[in-house]
Amino acid sequence: MVELTDTALQIDAPLAGIPQGPCHVAIIMDGNGRWAQSRGRPRLFGHHAGAKRVREIVECCPTLGIKYLTIFAFSTENWKRTQVEVAGLMSLFRRYISKEMKALAAKNVRVRFIGDRVRLDAKLILLMDQLEEETKHNDGTHLTIALNYGGRDEVARATKRLAQDVAAGKLSPDDVDEETLPKYLDTHVLPDPDLVIRTSGEARISNFLLWQSAYSEYEFIDTLWPDFSAEELSRLCHDYGARDRRFGAVKT
Ligand code: FPP
């Protein structure tokens, strides 16, 4: 069974700024392609603009009281895009990770990656490992980047490991429940997201954090990802603060 040794599991209260604001925000960064196409530019131009936006959003998290930020960078389905776009995105990830490494470490950001690494190239995996290692003692914003991530794939991989533990006698089938299964997920050291945001006007979750977002609040906004701003995130966090989360219960 996966050991829960990581202190990040402790869910911190919001740091500052927004009363009852979200502690964990997860974002589906959509609309890069349309943003570029509306300017007559290739799709990769939009992805580069989107990557720049990631930095601004990560940096505003402490002010907004967001302790955990999880972003969807590449899904298990995104391999279906053209070879040019996939290769361009992989190159962008490599450049972003190596360039941003020092800046994020200096800002006390702790970086993790979730998703299946098997299809990623060795150089990218090395950079991901280095960034995780270099930031592992940071205790500011916990940034999780979902790369070759799919919620169904994650649950399938988790179930496989769980079944292996059952077969090896480390876990009894009677112990498999809602507490045990998430310990095998990629996100096992993270709290569930409070707020999931999707940009670009599409109202679907596209295989993102399927298990973890069972009781998350959702915001589907029209802004294309490269136009998303700290101001808009602040407004969404304020709106979240006014929501009544009952988790299936009734207020007495
Ligand atoms: C979806 O927009 C976006 C992606 C598949 C890639 C997300 C990547 C980034 C924001 C840039 C890099 C991120 C990091 C962490 C460096 P889309 O291309 O599907 O847009 P469309 O729906 O308008 O075509």
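In each ligand, atom 1 is the first atom listed, and ligand 1 is the first ligand listed.
- The residue among Phe72, Phe74, Phe93, Trp225 with a heavy atom at the shortest distance from atom 13 (C) of ligand 1 is Phe93.
- Comment: Glu202 engages Arg34 in a salt bridge, judged by a side-chain N to carboxylate O separation of less than 4.0 angstrom.
- Between Gly31 and ligand 1, at least one N/O pair is under 3.5 Å apart.
- The neighbour count for Arg39 CZ, taken as heavy atoms of other residues, nucleotides or ligands under 6.0 Å away, is above 12.
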Run the numbers on Leu147 and Met128 for side-chain contact (heavy atoms from CB on, under 4.5 Å), then give the verdict.
CA-CA 10 Å; Leu147 228 173; Met128 290 158 68; 4.2 Å; yes
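- Ligand 1 has no N or O atom lying under 3.5 Å from any N or O atom of Tyr96, backbone or side chain.
- Considering only heavy atoms from C-beta on, Arg112 stays 4.5 Å or farther from Lys136 through its side chain.
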List the steps and the verdict of side-chain contact (heavy atoms from CB on, under 4.5 Å) for Ser200 and Met29.
CA-CA 8 Å; Ser200 93; Met29 307 179 290; over 6 Å; no
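- Residue Thr199 comes nearest to Thr223 through the heavy atom pair CB-O, 3.1 Å, listed as atom of the first residue, atom of the second, then distance.
- Ligand 1 has an N or O atom lying under 3.5 Å from an N or O atom of Asn32, backbone or side chain.
- Proximity to Arg43 (heavy-atom distance under 4.0 Å) selects the following atoms of ligand 1: 17 (P), 18 (O), 19 (O), 24 (O).
- For ligand 1, the atoms lying closer than 4.0 Å to a non-hydrogen atom of Ala73 are 6 (C), 7 (C), 8 (C).
- The protein heavy-atom contact nearest to atom 4 (C) of ligand 1 is His47 CE1, 3.9 Å.
- Below 30°, between 30° and 60°, or above 60°: for Tyr149 and Phe72 the angle between ring planes is above 60°, a perpendicular geometry.
- A donor atom on one side chain and an acceptor atom on the other are not found under 3.5 Å apart for Thr135 and Asn138.
- Ligand 1 has a nitrogen or oxygen under 3.5 angstrom from a nitrogen or oxygen of Asp30.
- With a 4.0 Å cut-off on non-hydrogen atoms, Ile97 does not touch ligand 1 at all.
- Here's the thing with Arg81: one of its N/O atoms is less than 3.5 angstrom from an N/O atom of ligand 1.
- Closest to atom 5 (C) of ligand 1 by heavy atom, among Ile71, Ile27, Leu143, Asn78, is Asn78.
- Taking the six-membered ring where the residue is Trp, Trp79 and Phe74 present perpendicular rings, their angle passing 60° and hence far from 30°.
- Protein heavy atom nearest atom 1 (C) of ligand 1, with residue, atom name and distance: Met29 O, 3.3 Å.
- Atom numbering of ligand 1 starts at 1 in the shown order; those under 4.0 Å from a heavy atom of Arg34 are 21 (P), 22 (O), 23 (O).
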